[in-house]
Protein chains: 2
Amino acid sequence: MRECTGVAQMRTGSITQSIARTFANFLTVVKKHNAIDCKYSVRTVWNGKRCARMLKKRTTLKDIARETGVHVSTVSRALDPATRKAITPEVAEKIQAAAERLGYRPNRIAAGLRTNRTMTVGVMIPDITNVIFPPILRGIESVLEPLGYASIIVNTDSEKERESRLVDVLRDRGVDGIIHTAALRSDPSIARAAEDGLPVVTLNRRVENSRIPYVINDEDGGIRDMLAHLRDLGHRRIAHIAGPQDLSTGQLRLAAFREAMADLGLGGSDRSVATAMRFHEHQGRQCAEMLLESGEPFTAILCANDRLALGAIEALRERGIDCPREISVTGFNDMPFLDLIRPKLTTVRIQQHSAGATAARLLLDLLGNGADDVPLETILPVELVIRESTARCPNG
Amino acid sequence: MRECTGVAQMRTGSITQSIARTFANFLTVVKKHNAIDCKYSVRTVWNGKRCARMLKKRTTLKDIARETGVHVSTVSRALDPATRKAITPEVAEKIQAAAERLGYRPNRIAAGLRTNRTMTVGVMIPDITNVIFPPILRGIESVLEPLGYASIIVNTDSEKERESRLVDVLRDRGVDGIIHTAALRSDPSIARAAEDGLPVVTLNRRVENSRIPYVINDEDGGIRDMLAHLRDLGHRRIAHIAGPQDLSTGQLRLAAFREAMADLGLGGSDRSVATAMRFHEHQGRQCAEMLLESGEPFTAILCANDRLALGAIEALRERGIDCPREISVTGFNDMPFLDLIRPKLTTVRIQQHSAGATAARLLLDLLGNGADDVPLETILPVELVIRESTARCPNG
DNA sequence: CTGAAAGCGCTAACAC
DNA sequence: GTGTTAGCGCTTTCAG
């Protein structure tokens with residue numbers, strides 16, 4: 001059963017071209033992720049019966065109109081809570097009963113064509129695989145779903161071309177609005193959509209030269225608080241591992257770091273700043289090594305994000321430098337699972353779920369479900385989370 | 001700027017009720033996640049200009065028909081690659097040029113109403129926040145998106161009632177098909193949808209008494225391999241922390257454990273099995289404690305999932321028992337970030353991205369974009385990942 | 001090869 | 001109160 005044959009096992013059905021092709025796909029899969037060798041074969045069992053691909057016709061307003069002997073529009077009215085009051089109670093009840101009995105479900109896409117409201121919103125994120133986005137999505141969903149909105153989520157991979165294509169994809173599907181998480185710095189496609197009157201809210205980043213409402217975290221406050229914390233522990237020489245400068249967070253946090261250092265009178269040379277190309281452990285490690293080799297002395301590293309911090313700690317460990325005893329390291333975001341990793345990282349918690357919920361509420365306002373005037377800028381509070389990766393400065 | 005006022009700061013705009021309400025929401029947010037105290041106020045800056053909520057009319061086929069002096073149907077034909085060949089080349093070119101110039105984008109909603117194909121699929125997952133699902137989603141997207149499909153993702157939270165409502169939500173939106181990740185064991189709503197002719201594929205679990213194609217991982221093989229690995233290390237007394245028995249994975253893995261233990265001649269008492277209510281570290285810890293207190297001797301714990309294993313290791317550490325020196329612990333799934341946690345967990349890697357891609361391909365086949373005969377069962381291979389949490393049995 | 005016309009399922013003016 | 005009518009934007013016969 002689990003021998004290295006590389007041949008799909010079938011119970012019924014004939015070997016058609018499509019089967020061959022399908023199986024070829026599986027082989028490709030196995031090959032591509034070549035972590036997996038041929039120890040197991042992919043097993044497939046065939047369904048003998050040809051799938052009856054006949055979509056059972058849904059019951060429509062017309063059906064229930066015929067059933068109850070009234071006009072479609074009456075049915076429509078009786079079924080819409082907003083217009084039901086204009087209908088004789090008995091008739092309305094009869095109609096509702098029939099609808100129930102026939103299992104009527106409104107066809108939102110037909111309704112959408114008529115009303116120009118699909119009750120669907122688009123959500124653009126860089127990559128769902130990045131752990132900070134799922135909570136944001138749940139936050140968005142938590143306010144939109146109860147109101148009957150569904151969301152189409154797309155991953156931009158932070159690629160300009162892909163992103164602009166996806167904006168079009170969403171518009172083609174007639175979304176009522178778009179929540180854009182981590183838009184690019186200058187973002188013509190989303191700006192154009194907004195100009196065309198499509199409600200748009202951005203999260204984590206502001207689109208320059210636009211009046212698109214945005215919600216961001218108090219990056220500045222987070223950095224300041226973290227720096228104050230380090231200073232209180234006696235640290236004076238503090239290095240920074242900055243994030244990618246083409247991403248909002250990377251840029252904002254670096255700026256905040258420089259400013260706050262100056263304000264605290266700790267302004268150092270730029271040799272105590274290393275900039276990562278990506279928010280990745282590996283980059284954090286490299287940057288930490290660069291900092292160590294620069295010769296610039298420091299007793300703490302403030303990192304622009306948790307993953308960079310994790311990498312930095314790894315680099316220190318490899319050189320036999322203890323964190324936090326010799327060098328304190330801090331992160332940003334408070335991503336999930338952080339408390340399982342030793343030493344537990346001191347970091348800045350950003351609101352994830354709430355950020356999503358807030359953006360969603362803004363979008364609703366834009367959609368006219370409430371305010372007709374909407375805040376341009378919303379800054380969400382952050383919170384310092386002190387754990388084990390920071391300690392009193394050794395010579396402080 | 002960052003004082004504890006609790007009052008939103010505004011630049012322009014008047015304090016209307018809606019503003020007050022919106023701000024009340026923010027306060028609620030802050031309150032609810034009361035991890036965040038009043039150290040920072042939420043700042044909002046108001047956009048003075050009332051948003052012009054006039055959706056610019058999109059250009060339609062009619063527009064470009066008028067522009068080029070031909071009939072809408074001709075335009076429709078000229079713009080569809082499949083029917084373009086039936087059009088005089090010059091006319092077709094003129095039409096395409098006009099479409100380009102006017103920035104024409106087909107209205108998929110309208111097309112969908114006509115053709116009954118929305119080029120949208122529904123994807124149901126328990127919870128996007130669970131790290132194993134995002135890669136699955138990317139896998140699905142990787143095959144569907146290039147073909148022009150968008151997906152509506154919904155979180156069921158594994159609640160029956162919610163799940164069945166969401167199936168309806170998806171159907172109302174006219175999705176062409178549904179990929180259901182971790183459906184419930186007996187799942188009337190999705191079964192009904194499938195019976196009604198809606199293409200459905202399930203991932204991770206089979207819906208009983210149905211002909212719904214499903215793709216699952218080789219749970220059995222994974223457990224067997226892990227057990228063989230432990231046996232090779234000299235372990236004979238092996239405990240199991242099982243997952244929730246109402247979830248496919250929990251149930252399958254427990255059954256596989258029992259069977260494989262028997263096959264290896266290691267069959268133990270049921271006192272060496274503890275069952276978690278949820279796949280959560282906390283539960284893993286509790287179960288490990290139960291096992292230790294049971295008095296049943298063991299030198300290894302095979303856990304139904306990584307998170308349980310992480311919890312178990314935590315429990316051991318608290319009691320001063322070293323993993324892996326004294327007791328080996330193993331996981332399942334190989335979730336992201338596992339290699340950052342010490343000791344690095346020995347586990348079974350399941351295909352995540354590929355599983356999604358495979359399910360998507362099956363759905364495509366069901367949609368008629370290929371085969372008309374589709375495998376009922378597809379079992380994906382798994383791979384043993386040996387890291388640091390397993391070691392030779394101390395007295396072995 | 002192209003135009004005319006019907007209609008997908010629903011909503012919303014406007015009559016009566 | 002309820003029926004009539006006219007589309008939303010597109011596809012797809014059916015004529016010519």
Side-chain angles (χ1 to χ4, degrees), chain A residues 55-96 98-99 102-120 148 171-176, chain B residues 55-96 98-99 102-120 148 171-176:
Chain A
L55 235 161
K56 200 195 277 180
K57 208 177 103 24
R58 287 171 63 134
T59 79
T60 73
L61 285 187
K62 208 195 279 180
D63 296 328
I64 112 148
R66 196 187 319 109
E67 187 83 1
T68 53
V70 297
H71 196 263
V72 249
S73 58
T74 311
V75 179
S76 172
R77 282 188 276 251
L79 261 27
D80 180 354
T83 50
R84 178 158 44 238
K85 54 178 175 295
I87 299 275
T88 319
E90 298 104 64
V91 181
E93 237 156 84
K94 187 175 65 177
I95 292 174
Q96 285 185 282
L102 300 180
Y104 173 76
R105 301 243 82 218
N107 181 334
R108 277 202 190 286
I109 125 140
L113 182 58
R114 186 67 237 254
T115 58
N116 250 319
R117 307 189 71 238
T118 53
M119 298 301 281
T120 308
R171 300 185 74 181
D172 291 353
R173 282 189 167 63
V175 294
D176 292 338
Chain B
L55 235 162
K56 200 195 278 180
K57 208 177 103 23
R58 288 171 62 134
T59 80
T60 73
L61 285 187
K62 206 194 279 180
D63 296 327
I64 111 144
R66 196 187 318 110
E67 187 84 0
T68 53
V70 297
H71 192 97
V72 252
S73 56
T74 310
V75 179
S76 173
R77 283 188 274 253
L79 261 25
D80 180 355
T83 50
R84 177 158 46 240
K85 53 177 175 294
I87 299 276
T88 321
E90 300 104 64
V91 181
E93 237 156 86
K94 186 175 63 175
I95 291 174
Q96 286 187 279
L102 300 180
Y104 173 76
R105 301 242 82 216
N107 181 335
R108 280 202 188 284
I109 279 261
L113 182 58
R114 187 64 233 254
T115 59
N116 247 319
R117 308 191 69 238
T118 52
M119 297 300 282
T120 307
R171 300 184 76 181
D172 291 352
R173 283 188 167 63
V175 294
D176 292 338

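On a predicted model such as this, the values are computed, not experimentally measured, just so you know. Proteins get letters first, then strands, A, B, ... in listed order; numbering begins at 1 in each.
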Can you tell which of [options] lies closest to the side chain of [X]?
X	options	answer
A/H71	D/dT11, C/dG9, D/dT4	D/dT4
B/A111	D/dT11, D/dG9, C/dA12	D/dT11
A/Y104	D/dC10, C/dT2, C/dC10	C/dC10
A/T74	D/dT2, C/dT2, C/dT11	D/dT2

Verify whether one side chain among B/R173 and B/T120 offers a donor that lies under 3.5 Å from an acceptor in the other.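 Result is no, nothing qualifies.
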
At under 4.0 Å between heavy atoms, what does [X] touch on the DNA or RNA strands: base, sugar-phosphate, or nothing?
X	result
B/L113	base
A/S73	base
A/V91	sugar-phosphate

Rounding to a whole Å, what distance do you find between [X]:[atom1] and [N]:[atom2]?
X	N	atom1	atom2	answer
B/E93	C/dT2	CD	C1'	18 Å
B/L61	C/dC8	CG	P	19 Å
A/R84	D/dG1	CZ	C1'	15 Å
B/R108	D/dC8	CZ	C1'	18 Å
B/I109	C/dC10	CD1	P	13 Å
B/L102	D/dG9	CG	C1'	16 Å
A/L79	C/dT11	CG	P	9 Å
A/N116	D/dG7	CG	P	16 Å

Within the modelled atom types, does a donor on one side and an acceptor on the other bring the side chain of A/R114 and the base of D/dG9 under 3.5 Å apart? no

Is a donor-acceptor contact shorter than 3.5 angstrom present between the side chain of A/R77 and the base of D/dG3? yes

Taking the nucleotide of DNA chain C with the closest heavy atom to each, which residue, A/D80 or A/K57, is nearer the 5' end?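 Its nearest nucleotide lies further toward 5', so the answer is A/K57.
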
Judged by nearest nucleotide, the residue sitting upstream toward the 5' end of DNA chain C, B/K85 or A/T59, is B/K85

Can you tell if the side chain of A/L61 reaches within under 4.5 Å of the side chain of A/L79, non-hydrogen atoms only?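 Side chain of A/L61 against side chain of A/L79, heavy atoms only: contact under 4.5 Å found.
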
Are OP1 or OP2 of [N] and a side-chain N or O of [X] less than 4.0 angstrom apart?
X	N	answer
B/T88	C/dT2	yes
B/S76	D/dT11	yes
B/K62	D/dC8	yes

Indicate yes or no for a side-chain donor-acceptor contact from [X] to the backbone of [Y] under 3.5 Å, with no hydrogens or angles considered.
X	Y	answer
A/R58	A/R105	yes
A/T88	A/E90	no
B/R84	B/A78	yes

Drop me the distance from A/L102's CG to A/R66's CZ, to the nearest 0.5 angstrom.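 Result: 9.5 Å between the selected atoms.
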
